[in-house]
Amino acid sequence: MTMPMIIALAVTAFMIYLIMKDKVPFGAAPMIACALMVLFGVTDIATAFRGFSNSSIIMLASFMVIIAALQKTSFIQAFKHTIVKMAAKGGYKAYVLIILVAMLGTSLFGTGSTAYYVMTLGLLSTIPSTKELPRSKFLMPAGFACNHPLIPINTALQYGYVLAVLEAGGAAMSVSLPRFAIANLVLSLAFLAWCLIAYKFMPAKDIPETTEEVKQEEEFVKLPKWQEYTIYGLFIASIIGMILQSKIGDQGYAVVAAAVCVLLLTKIMTFKEICSGLGAPIILMSAGVIGVAEALGVTGLTALVGETVAGMLGSSISPFVLIFVFCVLTSVLATMTGSTIGTVLVFAPMAVATCVSLGWNPTAAAAAIVVSGWCGHFLPIDGLPAMCMGLGNYTLQEFWKFTVPQYFIRLLALTAGCLLMFPV
């Protein structure tokens with residue numbers, strides 16, 4: 001390993017330590033890590049703080065303002081009231097229902113949709129905690145549910161990458177889309193099973209002392225109808241813009257930023273309120289970890305680890321172990337570098353070529369490794385896990401209590417599902 005690699009890993013470990021021990025305020029640890037990366041010459045200052053000019057971060061910050069405005073509407077108040085009423089009748093039933101609704105929504109938006117998980121977590125974060133169903137019980141499971149479609153009908157993106165990596169690995173072939181969808185369903189069902197169990201282990205925090213306190217929180221100044229309709233329109237326009245981003249580019253995200261401008265000009269939100277949303281600690285966390293990921297990537301760590309692992313595997317390994325190891329490698333480095341697609345395109349062809357050399361059908365390896373790129377999330381250094389941890393006010397220990405078992409359960413189920421659908 002080179003010295004920049006060693007320093008980058010040390011700084012990342014220090015950042016994780018600060019987050020784990022709550023030594024600094026939430027969102028500050030990545031800023032410290034970015035500064036240290038520059039100070040020790042791992043990367044330049046533009047790369048380290050690139051997260052603040054990242055289009056996804058600008059979109060996220062702007063959308064947080066839209067969510068804050070949405071909380072002023074009668075719709076959100078009614079939504080809160082419904083959830084609280086449902087929770088009062090049975091917390092576990094409400095918990096399960098929230099998870100299922102989030103997974104059904106994922107079926108339409110597709111795995112890894114930034115627009116969907118930002119919208120879902122934003123709405124769920126507005127639900128007040130109750131003794132029957134604390135928000136900390138459901139927010140993280142429901143957030144990760146945004147990555148698992150209950151009805152995997154929208155898998156075109158990942159399916160396309162499976163075909164691409166098969167070709168790159170020298171094994172171009174047709175792949176059954178229904179079988180690929182079923183493999184995704186196995187993964188989703190395993191995740192759902194873990195959520196059903198994890199309810200007992202999720203922390204119960206931020207609970208008001210009395211129900212009267214909840215009622216006081218729900219009191220709000222009713223906006224004029226035209227302002228409410230404006231907020232609804234801006235919310236819908238923002239969602240449409242985020243969904244279309246893949247087709248029209250950053251202009252889709254600019255729709256969200258423009259919506260914030262409308263909130264200011266119509267005096268629905270004050271400039272102080274808008275600045276509070278734009279500079280929320282979750283934004284600092286999300287932007288900062290992008291810089292850390294960029295710094296890790298430029299050191300060449302991904303290529304080094306890939307070559308080392310590939311050399312250690314040998315030719316006498318079982319298909320399950322081979323695919324599982326590559327899934328772990330891909331998901332870990334996708335999490336550490338922040339580049340899901342880039343990491344997948346490095347390791348999946350390598351695994352495909354290995355399978356071909358061993359005389360195996362490489363489809364299971366290609367499918368599992370592509371999907372595994374979206375199955376890391378054991379560290380809060382990516383958009384979805386960072387939002388889950390920040391909005392849910394979880395400590396790192398509480399975060400790991402859910403995400404570490406989830407990580408292994410998902411990868412084991414993914415490997416098994418792909419081998420079941422695409423035998424070697």
Side-chain angles (χ1 to χ4, degrees), residues 103 106-107 110-113 144 147-194 306 309-310 312-335 340-377 406-424:
M103 294 180 74
T106 308
S107 303
T111 303
S113 171
F144 286 114
N147 209 43
H148 299 284
L150 192 59
I151 307 174
I153 55 176
N154 190 1
T155 58
L157 176 65
Q158 293 178 324
Y159 179 73
Y161 282 116
V162 170
L163 298 179
V165 298
L166 282 170
E167 182 176 357
M173 62 178 69
S174 62
V175 177
S176 169
L177 182 57
R179 285 179 175 270
F180 180 67
I182 294 173
N184 273 275
L185 178 60
V186 172
L187 171 63
S188 294
L189 292 177
F191 166 78
L192 177 59
W194 166 238
V309 171
M312 292 172 59
L313 290 176
S315 58
S316 59
I317 196 167
S318 74
F320 187 94
V321 174
L322 174 71
I323 294 174
F324 180 74
V325 168
F326 267 102
C327 284
V328 170
L329 181 63
T330 302
S331 56
V332 166
L333 291 177
T335 298
T340 299
I341 302 302
T343 307
V344 164
L345 293 178
V346 167
F347 292 110
M350 191 184 302
V352 168
T354 302
C355 289
V356 171
S357 67
L358 293 172
W360 298 344
N361 180 348
T363 307
I369 294 166
V370 165
V371 176
S372 72
W374 284 267
C375 291
H377 301 151
Q406 169 193 250
Y407 175 71
F408 289 104
I409 288 170
R410 292 194 301 184
L411 291 190
L412 288 169
L414 175 62
T415 303
C418 288
L419 282 171
L420 181 65
M421 290 296 102
F422 307 105
V424 299

Inset, instruction - State, with a plain yes or no, whether a side-chain heavy atom of Ile409 is found less than 4.5 Å away from one of Phe191. - result: no
Inset, instruction - Indicate yes or no for a side-chain donor-acceptor contact from Tyr159 to the backbone of Ser176 under 3.5 Å, with no hydrogens or angles considered. - result: no
Legend entry - Closest approach of Val424 to Pro319 (non-hydrogen atoms, all atoms of both residues): CG2-CG, 3.7 Å
Inset, instruction - Decide yes or no for Val352 and Cys355: does some side-chain heavy atom of the first lie under 4.5 Å from some side-chain heavy atom of the second? - result: no
Legend entry - Close side-chain approach of Ser188 to Pro149, heavy-atom, < 4.5 Å: yes
Legend entry - Inter-residue atom distance Tyr407.OH - Ser331.OG, 0.5 Å rounding: 2.5 Å
Inset, instruction - Measure the CD1-CE distance between Ile182 and Met421 for me, rounded to the nearest 0.5 Å. - result: 5.0 Å
Inset, instruction - Without swapping roles, check the side chain of Thr330 against the backbone of Gly373 for a donor-acceptor pair under 3.5 Å. - result: no
Inset, instruction - Taking the side chain as every heavy atom from C-beta outward, state whether Asn147 and Thr106 have any pair of such atoms under 4.5 Å apart. - result: no
Legend entry - Note, Leu192 side chain near Met103 side chain (heavy atom, < 4.5 Å): yes
Inset, instruction - Could you tell me which non-hydrogen atom of Leu414 sits nearest to which non-hydrogen atom of Ser372, and how far apart they are? - result: CD2-N, 3.7 Å
Legend entry - Validation row: Phe180, Thr363 side chains within 4.5 angstrom (heavy atoms): no
Inset, instruction - Calculate, to the nearest 0.5 Å, the distance between atoms CG and CG belonging to Leu322 and Leu419 respectively. - result: 9.5 Å
Inset, instruction - Would you please indicate yes or no on a ring centroid separation below 6.0 angstrom for His377 and Phe144? - result: yes
Inset, instruction - Answer yes or no: is there a donor N or O on one side and an acceptor on the other, between the side chain of Asn361 and the main chain of Phe422, under 3.5 Å? - result: no
Legend entry - Test applied, side-chain contact (heavy atoms from CB on, under 4.5 Å); reference residue, Cys327; option that passes from Val370, Leu411, Leu412: Leu411
Inset, instruction - Look up atom CG in Leu189 and atom CG in Leu150, then write down how far apart they are to the nearest 0.5 Å. - result: 7.0 Å
Inset, instruction - Taking all non-hydrogen atoms of both residues into account, name the closest pair between Pro152 and Ala181 and its distance. - result: CG-O, 3.1 Å
Legend entry - Spacing of His148 atom NE2 and Cys375 atom SG [to the nearest 0.5 Å]: 5.5 Å
Inset, instruction - List the steps and the verdict of side chain to side chain contact (heavy atoms under 4.5 Å, CB included) for Trp194 and Phe408. - result: CA-CA 11 Å; Trp194 166 238; Phe408 289 104; over 6 Å; no
Inset, instruction - Evaluate the side-chain proximity of Val371 to Asn184: yes if any heavy-atom separation is below 4.5 Å, no if none is. - result: yes
Legend entry - Shortest non-hydrogen separation from Val165 to Val162 and the atoms involved: CG2-O, 3.2 Å
